[in-house]
> 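Submitted below is the structure of interest, expressed as structure tokens.
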Amino acid sequence: MDDPPELVGSHFGASIENLRATLRWLIASAGAVVAAIIAGAQLVDYSKRSVLGVVLAASAVILGLALTLILLAQTARVLTVPRPMATDLDRAEFDADAGDINVRLSGEMNLKVQWIIDRKSYLLGGYDTVHDLLVAWKTADSECQDKSDDQNLAAELKRLERQIDIVEEAAHYRDLSNAYDRLIRRFSKGSIAFIVSVILFAVSGIAGRPPDSKPSNVITQPIPVRVFISAPSDVPASCQERDGVAIGGDLTKPIVVMPPTPACSAATMSGGKSGIVIVPKVPLKGTDTPP
């Protein structure tokens, strides 16, 4: 059996670190999105939105938060995928009957076991299975205990230990990469729902509350006015134009009190009716006296 070059396949350790860095970046980004959603929801004045607008905004915030928190949880779960031990890989090979060369060549084994077998040339150090590698390590370890001063045996044992470490790293990368791929597939679907939640939140602002029916030009102090009453009317012609004081209502429909005059009796009327025009009396420029 020809020995492969030293450290062949050791790149899986660096690949794992790169994948972990990507996952940590995803977690940090998702945390920033959660903070942005919460802050944005607090900045909205919901009092100016209709019930429909508030429901749409609340639904969008809940959906966006739920999707982001799910992404956080799933990413953290991927980040904690455990590293399998060589004995776990050996047991998986036993369950898949990988010791039989015909089974190995059939390509119908467990996919995880097949993944390692397909890469045995640089993962297993020239051995056919993880089981063979472990048997060689146990044999070398036993011989080293009997011949502790044999440098060649010590070097061989160290090489086998490093090869086992490479297999475990490779299997860890395999599991971590598979979990990451599943996360990305789910995220690609969830991103559509997240975009929908953003659109809902934006559209909710269109559904504004209808204008307040309360008039904004309420009369809060007496205002001198001139009242014009047009025909037909049962008001005498001499009383169809007279002075009064607006004491309530608003400028659109004021409540006017008209004091008695020699020709007209005292009266109270409301504006906004057909045939009645009420005009505020504006003081002349430079005086406090209305025209």
Side-chain angles (χ1 to χ4, degrees), residues 7-44 46 53-89 91-92 96 109-120 122-124 130 162-206:
L7 301 180
V8 172
S10 61
H11 65 280
F12 284 107
S15 300
I16 289 174
E17 288 306 312
N18 290 337
L19 199 51
R20 283 179 174 274
T22 302
L23 290 168
R24 286 192 290 268
W25 176 83
L26 276 176
I27 290 176
S29 300
V33 170
V34 169
I37 291 175
I38 294 175
Q42 292 176 340
L43 293 175
V44 175
Y46 296 98
V54 173
V55 170
L56 285 176
S59 301
V61 170
I62 292 172
L63 179 60
L65 273 177
L67 289 171
T68 309
L69 292 175
I70 289 173
L71 175 63
L72 269 172
Q74 293 294 330
T75 305
R77 185 177 181 182
V78 173
L79 198 58
T80 57
V81 169
R83 169 174 167 162
M85 298 178 62
T87 52
D88 298 326
L89 302 177
R91 189 178 303 109
M109 290 187 300
N110 178 289
L111 293 178
K112 289 186 176 183
V113 174
Q114 189 70 50
W115 189 90
I116 293 178
I117 297 297
D118 290 343
R119 294 161 178 79
K120 67 179 182 179
Y122 59 96
L123 289 183
L124 299 179
V130 175
R162 179 56 182 149
Q163 203 67 51
I164 291 173
D165 186 60
I166 289 174
V167 174
E168 292 179 348
E169 280 187 344
H172 189 201
Y173 173 77
R174 174 202 63 195
D175 296 343
L176 197 62
S177 179
N178 289 339
Y180 177 76
D181 290 340
R182 288 193 297 270
L183 174 68
I184 294 302
R185 285 195 296 270
R186 293 172 183 172
F187 177 73
S188 61
K189 297 177 182 178
S191 62
I192 298 175
F194 186 82
I195 293 173
V196 170
S197 70
V198 173
I199 295 175
L200 279 178
F201 190 80
V203 171
S204 67
I206 300 176

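What you see below is based on every heavy atom in this structure, not just the backbone, and it leaves out hydrogens, waters and symmetry mates.
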> Looking at every heavy atom in both Arg20 and Leu176, which two are closest together, and how far apart are they?
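That would be CG-CD2, 4.2 Å.
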
> Enter the distance from Ile184:CD1 to Thr22:OG1 here, rounded to the nearest 0.5 Å.
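It comes to 9.0 Å.
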
> Is the shortest side-chain heavy-atom distance between Leu71 and Phe194 below 4.5 Å?
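No. Closest side-chain heavy atoms not under 4.5 Å.
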
> Could you report the tightest heavy-atom contact between Val61 and Phe201, atom names first, then the distance?
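Nearest heavy atoms, Val61 then Phe201: CG2-CE1, 3.6 Å.
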
> Is the number of heavy atoms from other residues, nucleotides or ligands within 6.0 Å of NZ (Lys112) greater than 12?
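Result for NZ/Lys112: open.
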
> Return the OH to CG distance between Tyr173 and Asn18, rounded to the nearest 0.5 Å.
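The CG atom of Asn18 is 9.0 Å from OH of Tyr173, to the nearest 0.5 Å.
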
> Output the distance between atom CD1 (Ile70) and atom CG (Leu65), rounded to the nearest 0.5 Å.
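Between atom CD1 of Ile70 and atom CG of Leu65 there are 11.0 Å.
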
> Evaluate the criterion side chain to side chain contact (heavy atoms under 4.5 Å, CB included) for residue pair Leu69 and Leu72; output intermediate values, then yes/no.
CA-CA 5 Å; Leu69 292 175; Leu72 269 172; 4.1 Å; yes

> Search all heavy atoms of Ala96 against all heavy atoms of Val113 and return the closest pair with its distance.
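Looking at all heavy atoms of both residues, the shortest contact is CB-CG2, 4.2 Å.
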
> Checking side-chain contact (heavy atoms from CB on, under 4.5 Å) against Val130, which of Ile116, Ile164, Asp88 comes through?
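When side-chain contact (heavy atoms from CB on, under 4.5 Å) is applied between Val130 and each of Ile116, Ile164, Asp88, only Ile116 qualifies.
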
> Assess whether side chain to side chain contact (heavy atoms under 4.5 Å, CB included) is satisfied between Val55 and Ser59, documenting all intermediate values.
CA-CA 6 Å; Val55 170; Ser59 301; 4.1 Å; yes

> Tell me whether Arg83 at atom CZ has more than 12 heavy atoms from other residues, nucleotides or ligands lying less than 6.0 Å away.
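It does: Arg83 CZ has more than 12 such atoms within range.
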
> Within the structure provided, determine whether Phe187 and Leu26 are in side-chain contact (heavy-atom separation under 4.5 Å).
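No, every pair of side-chain atoms sits at 4.5 Å or beyond.
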
> Provide the closest heavy-atom pair for Ala60 versus Ser197 in the form atom of the first, atom of the second, distance.
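That closest heavy-atom pairing would be CB-O, 3.0 Å.
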
> State, to 0.1 Å, how close Ala179 and Val81 come at their nearest heavy-atom pair, and which atoms those are.
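Scanning both residues completely, I find the closest heavy atoms to be CB-CG2, 4.1 Å.
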
> Kindly write out the residues that satisfy side-chain contact (heavy atoms from CB on, under 4.5 Å) with Trp25, not counting sequence neighbours, or none if the list is empty.
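By the side-chain contact (heavy atoms from CB on, under 4.5 Å) rule, Trp25 matches Ser29.
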
> Working to the nearest 0.5 Å, report the span between OG of Ser191 and CD1 of Ile195.
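So the OG of Ser191 and the CD1 of Ile195 are separated by 5.5 Å.
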
> Nearest 0.5 angstrom please: Leu79 CG to Leu19 CG, how far?
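If I round to the nearest 0.5 Å, the distance is 9.0 Å.
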
> How long is the straight-line distance from CD1 of Ile16 back to CG of Asp175, given to the nearest 0.5 Å?
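So the CG of Asp175 and the CD1 of Ile16 are separated by 9.5 Å.
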
> Does His172 use its side chain to pair, donor to acceptor, with the backbone of Gly13 at less than 3.5 Å?
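Not at all, since once roles are kept as given, no pair shorter than 3.5 Å links the two residues.
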
> Heavy-atom distance under 4.5 Å between the side chains of Gln163 and Ile166, does that happen here?
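Result yes, sub-4.5 Å side-chain heavy-atom pair found.
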
> Is a side-chain N or O of Ser177 found less than 3.5 angstrom from the main chain of Arg174, in a donor-acceptor match?
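Not a single qualifying donor-acceptor pair exists.
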
